[in-house]
Amino acid sequence: MKFVSALNKTALAIAVVSFISIHASAQQKPAMSGNPVIQGWNADPEAKIFEGQYWLYPTYSAPYEQQVHFDAWSSKDLVHWTKHPNIIDTAAVKWAKKAMWAPAVTEMGGKYYFFFGANDIHDDKTEIGGIGVGVSDNPAGPFKDLLGRPLINEIRNGAQPIDQFVFKDHDGQYYMIYGGWQHCNIVKLNKDFTGLTPFDDGTIYKSITPEGYVEGSVMFERKGKYYFMWSEGGWTGPNYRVAYAIGNSPTGPFKRIGVVLQQDPKVATGAGHHSVINVPGTDDWYIVYHRRPLGETDANHRVTCIDHMYFDKDGFIKPVKITFEGVAARPLK
């Protein structure tokens, strides 16, 4: 009996040690987001922080005729995500028929504004489409059409009206930077987002196209400098990538510095069309982007991913390392 008791005590001791070891190991390995960070074919992600949560607003990556709605995802820690389906669609936007792309979402006056491209117009004299805007009281929608028509339907300075990004400057002015076909414009939004307001020189559309620009504009301010980022290459190819410039104002001038996000043949191809997140009160930055899994040949098979974005001591963006692991949990305070 004493022998059996001794065996039981030994087994118990082993079990306790194993539990402690496993628990300690779990503590040493923080929860990671993994990449892709959300499931499904999703591209052109807009990443924001609203109401103490992270939000993702991607394009539904499918043939143009099927791109007739948007979903959103929210998270408190960048790891665990909740899907909010069908936050706006063509039933709410009567003039949109297809190719609803690349959301840009912002908050103003307690309301949320959802900018999007639609219809892939090539001739503004015969086609209706371009950049529209929805509005909601909730970042999860549902969003309704603010204008009943596109905000921008015209092709100006050679820029197709797509891939808009909304930037709020420190003086409270909202700008929209947009454009495809290798041309980029910046415009000033009016006080209720129902139209555009002229610059001081009387112009409405200013071209700020840098060398290499194709589409996918992003702008943010850091330490008094304005960072302008964009995508280069063809979106269907492996060498889709992100480059950037730095200026002293939202209108530049902007001179291309170099590529910061691109494919890694061991991880994924076609890494581009991104957005960025800055954790409030810190200098911690994340880049959220789409890429194509290895072996995928369908142009629409793109997934949304997240990785760290770092700056060097001179304020230049370091090349981003794309990963399968993603990022560790980062709850917002």
Side-chain angles (χ1 to χ4, degrees), residues 42-46 57-68 70 93 95-105 114-133 149-167 175-187 189 196 204-219 228-245 250-252 254 256 259 261-262 270-275 289-292 299-300 302 304:
N42 297 286
D44 316 328
E46 167 82 327
Y57 301 91
T59 299
Y60 170 54
S61 192
Y64 291 1
E65 290 72 18
Q66 297 175 29
Q67 292 177 321
V68 293
F70 292 100
V93 185
W95 56 268
K97 305 300 181 183
K98 64 176 183 177
M100 295 181 78
W101 291 338
V105 190
F114 186 98
F115 296 79
F116 57 93
N119 294 353
D120 184 32
I121 67 167
H122 288 68
D123 182 351
D124 57 15
K125 302 296 188 295
T126 62
E127 297 174 283
I128 300 297
I131 297 170
V133 55
R149 56 175 172 77
L151 173 66
I152 298 179
N153 187 83
E154 300 82 10
I155 297 170
R156 298 295 180 92
N157 300 324
Q160 187 186 31
I162 62 168
D163 287 8
Q164 65 295 317
F165 182 84
V166 176
F167 171 71
Y175 295 87
M176 187 163 66
I177 305 98
Y178 76 91
W181 296 348
Q182 302 179 29
H183 293 279
C184 181
N185 290 333
I186 185 169
V187 297
L189 294 167
L196 309 179
I204 300 292
Y205 301 87
K206 279 187 178 294
S207 174
I208 57 170
T209 308
E211 177 189 359
Y213 177 91
V214 173
E215 59 193 15
S217 303
V218 170
M219 185 174 288
F228 175 33
M229 308 179 77
W230 62 89
S231 290
E232 300 180 342
W235 71 271
T236 63
N239 205 31
Y240 199 50
R241 58 195 180 272
V242 171
Y244 82 109
T251 57
F254 293 106
R256 184 183 187 275
V259 172
L261 178 75
Q262 61 185 326
H273 203 129
H274 74 300
S275 56
Y289 61 97
H290 75 238
R291 68 194 195 196
R292 189 166 291 107
N300 289 305
R302 298 171 291 173
T304 291

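All values below were derived from every heavy atom in this structure, side-chain atoms included, with hydrogens, water molecules and symmetry-related copies excluded. Numbers for residues simply follow the sequence, beginning at 1. Please read these numbers as outputs of a predicted model, since none were measured by experiment.
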> Does T59 use its side chain to pair, donor to acceptor, with the backbone of A102 at less than 3.5 Å?
Replying inline: yes
> Excluding sequence neighbours, so at least two apart, what forms ring pair (Phe, Tyr, Trp, His ring centres under 6.0 Å) with H290?
Replying inline: Y240
> Just wondering, do R156 and D124 contact through their side chains at under 4.5 Å, heavy atoms?
Replying inline: no
> Looking at E215 and D163, what are the two nearest heavy atoms and their distance?
Replying inline: CB-OD2, 3.2 Å
>> Tell me every residue that passes side-chain hydrogen bond (donor to acceptor under 3.5 Å, both in side chains) with D120, counting only those two or more places apart in sequence or in another chain.
In response: Q160
>> Just to verify, what does F167 make a ring pair (Phe, Tyr, Trp, His ring centres under 6.0 Å) with, not counting sequence neighbours?
In response: Y226
> For Y178, which residues count as a side-chain hydrogen bond (donor to acceptor under 3.5 Å, both in side chains) partner, sequence neighbours excluded?
Replying inline: N185
>> So which atom in S207 and which in N157 form the shortest heavy-atom distance, rounded to 0.1 Å?
In response: N-ND2, 3.8 Å
>> Rounded to the nearest 0.5 Å, what separates atom CH2 in W230 from atom NE2 in H273?
In response: 14.5 Å
> Should we say atom CD of E65 is surrounded by more than 12 heavy atoms from elsewhere, each under 6.0 Å from it?
Replying inline: yes
>> List the residues meeting side chain to side chain contact (heavy atoms under 4.5 Å, CB included) with L196, not counting sequence neighbours, and say none if there are none.
In response: I152, V187, L189, I204, Y205
> Which residues satisfy the side-chain hydrogen bond (donor to acceptor under 3.5 Å, both in side chains) test with S231, sequence neighbours excluded?
Replying inline: none
>> As a test of understanding, state which of F116, Y64, F70 forms a ring pair (Phe, Tyr, Trp, His ring centres under 6.0 Å) with W101.
In response: Y64
> In Å, rounded to the nearest 0.5 Å, how long is the span from NZ of K125 to CD1 of I155?
Replying inline: 7.5 Å
> Shortest non-hydrogen contact from V259 to R256?
Replying inline: CG2-NH2, 3.3 Å
> Within a strict 4.5 Å, meaning less than it, do heavy atoms of the D44 and R302 side chains meet?
Replying inline: yes
> Under the 3.5 angstrom rule, does the side chain of N119 hit a backbone N or O of I128 as a donor-acceptor pair?
Replying inline: yes
> What's the shortest heavy-atom distance between A118 and A96, and which atoms?
Replying inline: CB-CB, 3.8 Å
> Counting distance only, does the side-chain N/O of Q262 pair as donor-acceptor with the main-chain N or O of A243 below 3.5 Å?
Replying inline: no
> Which distance, rounded to the nearest 0.5 Å, do you find between the CE of M100 and the CD1 of I162?
Replying inline: 14.5 Å
> Is there side-chain contact between W181 and H122, with at least one heavy-atom pair below 4.5 Å?
Replying inline: yes
> Got a sec, which residues hit side chain to side chain contact (heavy atoms under 4.5 Å, CB included) with I208, two or more places apart in sequence or on another chain?
Replying inline: I177, C184, I186, F228, F254
>> Strictly by salt bridge (charged side-chain N to carboxylate O under 4.0 Å, His left out), give each pair with a member in residues 234-245 just once, sequence neighbours left out.
In response: E232-R241
>> If the condition is salt bridge (Lys or Arg N to Asp or Glu O under 4.0 Å), which residues does R149 pass it with, not counting sequence neighbours?
In response: none
>> Using only atom types and a distance under 3.5 Å, with no angle test, would you say the side chain of Q67 pairs donor to acceptor with the backbone of Y60?
In response: yes
>> Within the structure provided, determine whether N300 and P63 are in side-chain contact (heavy-atom separation under 4.5 Å).
In response: yes
>> Can you confirm whether F165 sits close enough to M229 that some side-chain heavy atom of one is under 4.5 Å from a side-chain heavy atom of the other?
In response: no
>> Whether the side chain of Q164 engages the backbone of I131 through a donor-acceptor N/O pair (distance < 3.5 Å, no angle test) should be reported.
In response: no
> Which heavy atom in Y213 sits nearest to a heavy atom in S217, and how many Å separate them?
Replying inline: OH-OG, 3.0 Å
> Nearest heavy-atom pair of A299 and T236: which atoms, and what distance?
Replying inline: CB-CG2, 3.7 Å
>> Apply side-chain contact (heavy atoms from CB on, under 4.5 Å) to residues V105 and E46 and explain how you reach the verdict.
In response: CA-CA 7 Å; V105 190; E46 167 82 327; 4.3 Å; yes
>> For Q66, give me all partners under side-chain hydrogen bond (donor to acceptor under 3.5 Å, both in side chains), at least two apart in sequence or on another chain.
In response: none
> What residues form a ring pair (Phe, Tyr, Trp, His ring centres under 6.0 Å) with Y289, not counting sequence neighbours?
Replying inline: none
> Looking at residues at least two apart in the chain, or sitting in another chain, which of them share a ring pair (Phe, Tyr, Trp, His ring centres under 6.0 Å) with W235?
Replying inline: none
